[in-house]
J.: 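Below is a structure I'd like to ask you about.
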Amino acid sequence: MGKIGFGLAGGLVVALFLSGTAAADPYKWCAQYSNGDDGGHSNCGFITFEQCRATISGIGGFCVPNQFYTGPLERPAKRHRG
């Protein structure tokens with residue numbers, strides 16, 4: 001019974017490890033904030049460029065593509081129902 005329990009626990013650990021590597025980063029844009037001498041900060045939580053621009057409006061900074069973005073490059077075309 002001990003070998004079976006050990007095998008199940010090992011299989012569970014492997015399954016959890018493999019499931020964590022398949023997650024995609026859906027946020028395509030990052031806001032880069034300039035904050036004096038400490039180098040600034042970034043927020044990579046924006047799906048659209050417009051969302052990023054609206055966030056930095058009035059506080060300064062700029063928007064850059066998220067280097068870890070793993071989603072589709074283009075949005076799917078809208079379907080018109082006829």
J.: Distance check, rounded to the nearest 0.5 Å: T70 atom OG1 versus Y27 atom OH?
T.: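 The OH atom of Y27 is 11.5 Å from OG1 of T70, to the nearest 0.5 Å.
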J.: Between T55 and Y33, is there a side-chain heavy-atom distance shorter than 4.5 Å?
T.: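 Result yes, sub-4.5 Å side-chain heavy-atom pair found.
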J.: Between W29 and F49, does a side chain to side chain contact (heavy atoms under 4.5 Å, CB included) hold up when you go through it step by step?
T.: CA-CA 6 Å; W29 295 98; F49 183 71; 3.8 Å; yes
J.: Output the distance between atom SG (C63) and atom CG (N43), rounded to the nearest 0.5 Å.
T.: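 Here the rounded value is 9.5 Å.
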J.: Quick one: closest heavy-atom pair of K28 and Y69, and the distance?
T.: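 So the minimum-distance heavy-atom pair works out to CA-CD1, 3.5 Å.
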J.: Looking at every non-hydrogen atom in both residues, tell me the closest pair between I56 and A31 and how far apart they are.
T.: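 Closest approach of I56 to A31: CG2-CB, 3.7 Å.
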J.: Restricting to non-hydrogen atoms, name the atom on C44 and the atom on N66 that form the minimum distance, rounded to 0.1 Å.
T.: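 The answer is CB-ND2, 3.9 Å.
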J.: Under a 4.5 Å side-chain heavy-atom rule over Ile, Leu, Val, Met, Phe, Trp and Tyr, are I47 and F68 clustered together?
T.: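 No: no chain of side-chain contacts under 4.5 Å links I47 to F68.
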J.: List the residues meeting side-chain contact (heavy atoms from CB on, under 4.5 Å) with Q32, not counting sequence neighbours, and say none if there are none.
T.: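 With sequence neighbours excluded, Q32 shows a side-chain contact (heavy atoms from CB on, under 4.5 Å) to C30, S42, F62, V64, given in chain and number order.
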